[in-house]
Every structure is written in C-alpha cells, then in structure tokens.
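Just so it is clear, the model here is predicted, and its values are computed rather than measured. Indexing begins at 1, ligand by ligand and atom by atom, following the structure's order.
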Amino acid sequence: MHRRAFVLGGRTTPFIGKGSPDFIWKKHPDFGTRENPTLEELLTAAVRGALEETGVAAADVDKAWVGNFVGELFSNQGHLGAALVGAHPDLLYKPVMRVEGACASGGLAFASAVESIRAGSDITLVAGVEVQTTASARVGGDYLARASHYKRQRGLDDFTFPALFARRTKHYREAWGTTEEDIGHVAVKAYANAHKNPLAHMRAVPMDLATASAPSERNPCFLGNEELAPYMKVSDCSQVSDGASALILVSEEGLRRLGRTPADAVEVAGLAHTTGNLYEDGDPLRLSTTEAAIARVFKASGVTAADVGVAEVHDCFTITELLMMEAIGWAKPGQSAAMVREGRTAINGDHPVNTGGGLVGFGHPVGATGVKQLLEVVRQMRGQCGDYQVPGRPTVGLTVNMGGDDKTVVATVLRA
Ligand code: CAA
C-alpha cells in the first residue's frame, strides 16, 4: 500500500499576454505608468495565493518544487528554487528545487511532490511559472525551440513548434480527410470557454467558426516553411503568456496535521510519467508517449476513459487536442473531430475538455501550465468554476501535460 496524496487547493494568477485586456503594451492606456508582472512577482503571487487559499502556513511546508522551462532566456533568471523561497520569509532553509521538462515542467514538479509524499513527506508546495512576453513571438520561437531537438529541428521554421505541429496537422488531414473547419471547431470551443473564464489570456478576443476555418488577414498562416504554412493559423496556436500557478499537496498525516479530512481535498488516484526519445520523430498520427502515460495512469488508478468526467489536456495546438482525445481512447484514430463538432467536449458535453479555455484560450505560460491544469480539474470537482462549471460536479478528472513534441508526459487521475 502506498501513502495517499491529496490536493488541498491552490491559486492560479491571471494568464496575460498580447490580446488580454490587462497586458501592458504600447497602445494600452496604462503604458508608461504600469508594467507587466515579472517572473518574481508572478511566482510570489501564486505561492502566497496557494497558502492563503488553503490556510496552510508557509512554516508547515516540508518541501517545494517549481516548474519552469526557460527563465534564463526570457527573464535572465535561473536558480528558481531559491526564487520560490523569496516568496515567503517562513520558507527560508526549506528544501526547494526547480524542475524542467519543457512544457511538462509543471507536471514534473507535481510528479516530484507526489513521489515525495509517497516516500514520507506530509505537506508540500508545487508551483509553476513562466514569463514569455519579454521577447517578440519570433525570438520566443527560438527560445521555445530548445524543447525540440534543436540541432535537427530548429531549421524547420522560425516558429519551430508551430511547424512541428503543422506537420502533424498535414499528416492527419491527409490520412483522415479532416477539414480545416473540423479543426476550427476546436479553436472555437477553446475561445468560447476562455470567454467565461476571468483568468484567461483570450477572454476578450472573439473567435467564430468562419474565422477559425480559413486563413485571413486577421487569422494568417504565419509559417515561413511553404510546405507546412497552410496547416497552421494563428487561431490554432496556444498563446505566448505570462503566468504562474501553485498548489498544496499533502499526505493523510498532512491532512491530520492541518485539521482536515480527505473530504476537504481531491485525491491523486494515479500518476504516470513517460519519456520519449528526443532524437527521433514518432508516428505523426499518434502521440505514443502520451498513449503510454494514459494507459499507465488508467491502470494505476483503476479508471477507464469512460469514467473521466472532466479533462485538461495539452492543446499546445488545435491538432494536439484531437490527438490527445484519441490517446485517451474516447475516439478511434481520425474520429475525434466529430466529437468536438457534436459538442461532446464542450462544458455541458459528456467529456468536457479544457473547460477554462486550455492552452489556446486560457494561455500557455509554459512552466505554469501543468500545475494550472491540475488546479482546474480540482476546481471543477469542487464546483468552483463559476460560469464554466461542468454541471453536476465531476468525480473523476484527468490531466495530461506534455513537453516537446510528445517527449515528456505527465498524466494524472484525480478522484473526488
Ligand atoms: N499576415 C501575414 N503574416 C502575418 C500577419 C498577417 N496579418 N500577422 C502576423 N504575421 C506573421 C509575421 O510573419 C509575424 O512575424 P514578424 O512580425 O516577426 O514578421 C508572425 O506572423 C508573428 O506575428 P506576431 O508577432 O504579430 O504574432 P503574435 O504575437 O500574435 O503571435 C503566434 C502569434 C506566432 C502564433 C504566437 O502566439 C505563437 O508563437 N504561439 C505558439 C507558442 C508556442 O509555440 N508555444 C509552445 C507550444 S509547444 C508545447 O507546448 C510543447 C513544448 O515543450 C514547447
């Protein structure tokens, strides 16, 4: 029998960037009088918020982790374990470390905490943070390309990751006859959900099916790679966002120490972490590292795809959400777009996916994403999602956080 692990709660900061009303840029009325929050400020806000939200004293935290991908490049700041300690005086001298696994950094930070609880820790803190708006999207594209096999894949396009997933889209559309409009439904759902979420980066940006289904001046195909360009529009992409998220994970003994019971928390029913080979391309029609993680986490938790009442999956691009649904087993290869079109993954569908907008609508501050996904599912299970609450409060939730092009995956099943 392993020691049980429970998420007590936490806090996600607003995710902001180009297009969000709070983001300061040269045409914003507050330009020159106010600046966007820094990496340090975001991390501090999430950590303090998680402590406040859960009523846990910083002094009671045994250990902490922070997920971050490239603080060194966007903010000239590494060594983020020590930065997390700066969030509260009572964290001084506690064991804290930064964890990196590209876009799965947050999921890996959580996986580290779960292992630590299983091994004997009682009260842990998990944070994730990223700032990406300090560079242009094109320069940022180079930084993010460090999550690919840089030597081999960087030359694909200035926007390496959008190009890698444009390649998947091309294969997918050619193999299954999926149309641009089919994929457009994924973007429309993401934005519609984001419009109901006060923390979402794209909460004020409109998106209709006509815009999402064809390139236009407003929604261009922006890749330089001519072969791949037609397969990736701006609306297919996750956002270049700044944000942070933090949560408190405890053991049964931790619950007792805090005067709580399992009913006050959401249990981690299973967690799986899988890693693919950076130096090889996988099958473009499948996310095989993701499939392995999902198979393992379903086995570990005794849950099946049909049991999942809410899911947060890594929609770094619209095509990724479709491939994730197939990796979960909700649809056969090539058939997930029909589920989206029929509204089955909408907030009131039978398998709600990315209810707060996902990476496309909520935003994607890389290191924060995996932690935010977990908190989103916890909040759905507790009925705390306001305008985007899933009816009837789901009792089983799934998160899938992916780094690189299906290379590092953390899948978690949560049970109310
Ligand atoms: N017509 C033609 N071309 C246009 C255009 C128009 N109307 N508008 C923009 N473009 C082109 C231009 O070439 C422009 O580049 P330059 O300005 O440098 O010439 C380019 O598109 C980008 O335009 P912007 O800088 O105005 O774009 P933006 O700031 O709105 O960003 C985006 C849009 C490029 C899609 C950006 O949101 C993006 O890069 N998103 C993806 C982020 C990403 O890849 N994240 C990682 C996901 S992968 C993952 O999760 C796994 C992992 O481990 C990394």
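Not a single heavy atom of F69 sits less than 4.0 Å from an atom of ligand 1. By the 4.0 Å heavy-atom criterion, H314 is counted among the residues contacting ligand 1. In this structure, G404 counts as a contact residue of ligand 1, since one of its heavy atoms falls inside 4.0 Å of the ligand. A heavy-atom separation below 4.0 Å is not found between S136 and ligand 1.
Close approach of ligand 1 to A147 (heavy-atom distance below 4.0 Å) involves ligand atoms 53 (O), 54 (C).
The environment of CD in E267 is crowded: more than 12 heavy-atom neighbours from other residues, nucleotides or ligands sit within 6.0 Å.
In this structure, F159 and F222 have perpendicular ring planes: the angle between them is above 60°, well past the 30° mark.
Under 4.0 Å from ligand 1, the heavy atoms of F317 that appear belong solely to its side chain. Residue-level proximity to ligand 1 for H364 is carried by the side chain, the only part with a heavy atom below 4.0 angstrom.
Within a 4.0 Å radius of atom 47 (C) of ligand 1, the protein contributes one or more non-hydrogen atoms. Per-atom contact check: atom 17 (O) of ligand 1 does not touch the protein, criterion being a heavy-atom distance below 4.0 Å.
Between Q239 and ligand 1, no pair of N/O atoms sits closer than 3.5 Å. At a 3.5 angstrom cut-off on N or O pairs, A102 does not count as close to ligand 1.
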H201 vs S20, side-chain hydrogen bond (donor to acceptor under 3.5 Å, both in side chains): CA-CA, chis, key distance, verdict: CA-CA 5 Å; H201 183 153; S20 64; 4.6 Å; no
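The main-chain N or O of C385 is never found under 3.5 Å from a side-chain atom of R379 such that the two would form a donor-acceptor pair.
Of the listed residues (E130, H364, H314, E312), just one forms a side-chain hydrogen bond (donor to acceptor under 3.5 Å, both in side chains) with T369, and that residue is H364.
Using a 4.5 Å heavy-atom cutoff, the side chains of E326 and R286 are not in contact.
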